[in-house]
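Computed from a predicted model, the values in this text were never measured in an experiment. When reading the values below, keep in mind they use all heavy atoms of this one structure, side chains included, and skip hydrogens, waters and symmetry mates.
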Amino acid sequence: MFTKGNISGQNAEDSSSSVPVSQDAGPRQTARKSALAENLIKNPELQEWKSNFRCSNGVDEFNKRYLIVQKRKSKLSSKWRTVATLPFSSLVDNPGELFKRLTNEGLFIHKKAIQNLIMETVQAVNAAPIKYRVITRSGWHGVSYVIPGQVFSPKGSEEKFYVHLSDASQDFIDKFRPSGTLEGWLEEISRLCQGNTRLMLGVSLALVQALLDLVSAELGGFLLYGAPGQGKTTAIHTFGSVAGGLPARTTGYCETWNHTGNHVEEIAALHDGVPLALDETRTAGEGSKNMTSFMASTVMRLSMGIGKGRMTDANGPKLWRLIYLGTTNLTVDQILTGGGLMVDDAYRVRAIDIPLPENGHGIFENLHGFESGAALSNHLKEACNRQYGTLFPAFLQRLVQARADDEAGLKRQLNRWRQRYIRRANKVVGNAPGMERFHERFATVYLGARLAIKFELLPWTWRELREAILTCEQDHFRLRGESARRDGDGLAALKTYVSGQRGQMIELQPGKAHRLSKLTQAPGFLWTEAGDSIVGLDRDQLVSLCGGKSAADRVLKLLHQQGALVSERKGDPLKAQQKQIITKKGEKQFRPHLYMIKADTLK
């Protein structure tokens, strides 16, 4: 029976052929056992096991020990492939999992005696000195960098790794298999990114994932914002092509927001150290409240880099370091205020909206000779299905060597580039209070492609890269300025309406009844409460005055910040409150839902 203890006098090499024979057995019994042992040794399944399978061990960062089983790729081949990676601890209670894996490889072992012999081998391997360092996540491990299917180490490194991403699906692993060549990617994709600021930002953002251990950077995401059909999904496929692709899947390399919060944590943890693309925020929930709750929680959790701890997590909560790229048809403000949540820079800096370029062709500024943005978009989509997964490995191989050669010098260079970007952003974008944090986030993105240019992997100049990132940052603040002006316009329209219609509004007094027909046609209501003059407007009136639901929500938020909204009951202060109004005798009750606003703030 398999145990965790050491096995005295046995090792991994000889244990599979040993068959214990009792020393005090009688002559006939000894002969029978010897014959049985000889038959077992000649057993074809056991011979197959000894000839074409081998075992080794490893330990992960949590000090958990693993059994690694490999099989020859073909008879007499010197090359092996891994067919099972199992924690030794799991084999104590469930040794059958090993034989299930072997059966899947064509080795069906049903005799208990043969199974016992193989488990003796496993037990000896467990007791042997550790051979491999088992890697359970992507990213940096010492001086080496791991992505699914590949380990990048500097010259002279002798550390042995075995990659075991136990939570990864086959689709996830497959999307990191490269297609085409780096030269092909540079010609068909990189060349067309030049002059298109959002595409250049995406490429740089994909590469910067590998630098997050080398710089002090805030985590979070960037969201390409705009109407459907403008090329946002093409931009995010271009981003994904840096690291991989999966043409057989509709979303290709990209993931979607269409998950539960816990599943998003799993996706983030899997993408620790590799690019994460999230397409379509509109799939994040059904209904504004569900989307608001999901997005508010997810934006914060992704920027924290740690998942919720659960009792079932033997290795603790899931961890990640990444900066993701997403697409959205609504701004972060629109998504969150749409569900009644108040928004400030704590959210905005963690999920930065980047709108479509001004006077562009959808997401493109430079069509490179294509007749339309749609034609360029279609070409890039097809190219991303042919050429992918070549730039990131080439970048990583140079990066691990650069870090091994002079880590301190590499960090100093990255910090210099970052500070130069921030100084330029202060001049070009602005240096108002609160902008520094946004400058720092865009400066981090700048580093990815900037280092690739130094490595001579991208044919761009550092100046055109910097201008592209600065343009994206400028357009983020342009979008915020437009939203603020719309909010101001909505509030101004509300003030003008109240000023012009105040004489027509119905004044409500205690005990006074009103005709129902007049109440239903009233442009608003006036009353006094706790010494304040109150204006009451219904939802439809406010939406019409402010220019839409999202604009009305933002105006309500401004009023709430000014202390101008009155709530007669506990609950969401941004919700309309029900008001009981007395009607004439014989008429049905009138209880409208009104936004109650202090009149002095609307002068």
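At least one side-chain heavy atom of Glu365 sits under 4.5 Å from a side-chain heavy atom of Asn196. Residues His141 and Arg133 are in side-chain contact: their nearest non-hydrogen atoms beyond the backbone lie under 4.5 Å apart. Proximity of Val122 to Val125: side-chain heavy atoms (C-beta onward) are nowhere separated by under 4.5 Å. Between Val299 and Leu336, the closest side-chain pair of non-hydrogen atoms is not below 4.5 Å. Side-chain contact between Met300 and Tyr347: present, with at least one pair of heavy atoms (C-beta onward) separated by less than 4.5 Å. Side-chain contact check for Leu192 versus Phe364: every heavy-atom pair is 4.5 Å or farther apart. In this structure, Phe152 and Leu399 have side chains that are not in contact, with every pair of non-hydrogen atoms separated by 4.5 Å or more. Using a 4.5 Å heavy-atom cutoff, the side chains of Thr238 and Ile189 are in contact.
Once rounded to the nearest 0.5 Å, the distance linking OG1 of Thr197 with CD of Glu464 reads 12.0 Å. Separating the NE2 atom in His379 from the NE2 atom in His368 is a distance of 10.0 Å, to the nearest 0.5 Å. Interatomic distance, CG of Leu214 versus CD of Gln413, reported as 12.5 Å (0.5 Å rounding). Atom CD1 of Ile352 sits about 7.5 Å away from atom CZ of Phe477, to the nearest 0.5 Å. One distance of note links SG of Cys472 with CG of Asp353; it measures 12.5 Å at 0.5 Å rounding. The CG atom of Leu98 sits 6.5 Å away from atom CG of Leu91, with the distance rounded to the nearest 0.5 Å.
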Could you please spell out the steps behind the side chain to side chain contact (heavy atoms under 4.5 Å, CB included) verdict for Ile236 and Leu325? CA-CA 7 Å; Ile236 211 168; Leu325 182 65; 4.2 Å; yes

Before giving the answer on ring pair (Phe, Tyr, Trp, His ring centres under 6.0 Å), spell out for Tyr388 and Tyr253 the whole-Å C-alpha distance, their side-chain angles and the decisive distance to 0.1 Å. CA-CA 9 Å; Tyr388 54 81; Tyr253 179 91; 9.0 Å; no

Can you list the steps and then say if Trp460 with Met200 is a side chain to side chain contact (heavy atoms under 4.5 Å, CB included)? CA-CA 9 Å; Trp460 311 341; Met200 294 179 75; 3.6 Å; yes

Begin with the C-alpha distance, continue with both residues' side-chain angles, and end with the deciding distance and a verdict on side chain to side chain contact (heavy atoms under 4.5 Å, CB included) for Leu465 and Ile453. CA-CA 9 Å; Leu465 170 67; Ile453 291 169; 4.0 Å; yes

Are Lys411 and Asp213 close enough, and set up right, to give a salt bridge (charged side-chain N to carboxylate O under 4.0 Å, His left out), and what steps lead you there? CA-CA 10 Å; Lys411 288 182 176 180; Asp213 278 9; over 6 Å; no

Stepwise side-chain hydrogen bond (donor to acceptor under 3.5 Å, both in side chains) check, Arg418 with Thr444: CA-CA 7 Å; Arg418 200 161 180 262; Thr444 299; 3.1 Å; yes

Side chain to side chain contact (heavy atoms under 4.5 Å, CB included) between Lys79 and Arg72, intermediate numbers included: CA-CA 6 Å; Lys79 296 182 178 181; Arg72 291 186 190 274; over 6 Å; no

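No donor-acceptor distance shorter than 3.5 angstrom exists from the side chain of Glu255 to the backbone of Leu276, with no hydrogens or angles considered. Side chain of Arg249 to backbone of Cys254: a donor-acceptor contact under 3.5 angstrom is found. Between the His439 side chain and the Gly430 main chain, a donor and an acceptor come within less than 3.5 Å of each other. A distance-only check finds no donor-acceptor pair linking the side chain of Lys232 to the backbone of Leu223 [under 3.5 Å]. Put simply, the side chain of Thr82 never gets that close to the backbone of Ala84: no donor and acceptor are under 3.5 Å apart. Side-chain atoms of Arg191 come within 3.5 Å of backbone N or O of Glu187 as a donor-acceptor pair.
Glu473 and Tyr421 share a donor-acceptor pair across their side chains, judged by distance under 3.5 Å alone. For the 3.5 Å distance criterion, the side chains of Ser241 and Gln387 fail to qualify, holding no donor opposite an acceptor. Defined by atom type and a distance below 3.5 Å, a donor-acceptor pair is missing between the side-chain atoms of Thr136 and Asp60. Side-chain polar atoms of Ser56 and Tyr132 form no donor-acceptor pair below 3.5 angstrom. Inspection of the Ser90 and Glu97 side chains reveals no N or O donor paired with an N or O acceptor under 3.5 Å. Asp279 and Thr327 form a side-chain donor-acceptor contact under 3.5 Å, judged by distance and modelled atom types alone. At a cut-off of 3.5 Å, with distance as the only test, a side-chain donor of Asp405 or Gln401 sits close to an acceptor on the other residue. Using a 3.5 Å distance cut-off with no hydrogens or angles, the side chains of Ser179 and Arg386 do not pair a donor with an acceptor.
Across Leu278 and Thr256, no two heavy atoms sit closer than the pair CD2-O, 3.5 Å. Closest approach of Ala351 to Val332, counting heavy atoms only: O-CG2, 3.3 Å. Contact record, Cys55 with Val69: SG-CG2, 4.2 Å, taken as the closest heavy-atom pair. The two residues Ile363 and Gly231 have their closest heavy-atom pair at CG2-O, 3.6 Å. Of all heavy-atom pairs spanning Leu201 and Val445, the tightest one is O-CG1, 3.9 Å. Scanning all heavy atoms of the two residues, the minimum distance from Ala268 to Trp320 falls at O-CB, 3.5 Å.
One finds no salt bridge joining Glu105 and Lys100 here, because no Lys/Arg side-chain nitrogen approaches an Asp/Glu carboxylate oxygen to under 4.0 Å. Salt bridge status for Asp333 with Arg348: present, with a side-chain N to carboxylate O gap under 4.0 Å. The residues Asp475 and Arg198 are annotated as salt-bridged, a charged nitrogen and a carboxylate oxygen being separated by less than 4.0 angstrom. Taking the charged nitrogens against the carboxylate oxygens, Glu407 and Arg412 have no contact shorter than 4.0 Å, which rules out a salt bridge. Between Asp272 and Arg321 there is no salt bridge, since none of the side-chain N atoms of the basic residue sits less than 4.0 Å from a carboxylate O of the acidic one. Between Glu436 and Arg441 there is no salt bridge, since none of the side-chain N atoms of the basic residue sits less than 4.0 Å from a carboxylate O of the acidic one. Salt-bridge check for Glu467 with Arg463: failed, with every basic side-chain N at 4.0 Å or more from each acidic carboxylate O.
Taking the six-membered ring for Trp and thresholds of 30 and 60 degrees, Phe442 and His476 have ring planes inclined between 30 and 60 degrees apart. The aromatic rings of Phe172 and Phe176 stand perpendicular to each other, their planes meeting at an angle above 60°, with 30° marking the opposite boundary.
Taking the centre and axis of the six-membered ring of Trp140, the NZ or CZ atom of Arg403 falls inside the cone set by 45° and 6.0 Å.
Sparse packing is recorded around CE of Met304, with 12 or fewer heavy atoms of other residues, nucleotides or ligands lying under 6.0 Å away. The neighbour count for Glu456 CD, taken as heavy atoms of other residues, nucleotides or ligands under 6.0 Å away, does not exceed 12.
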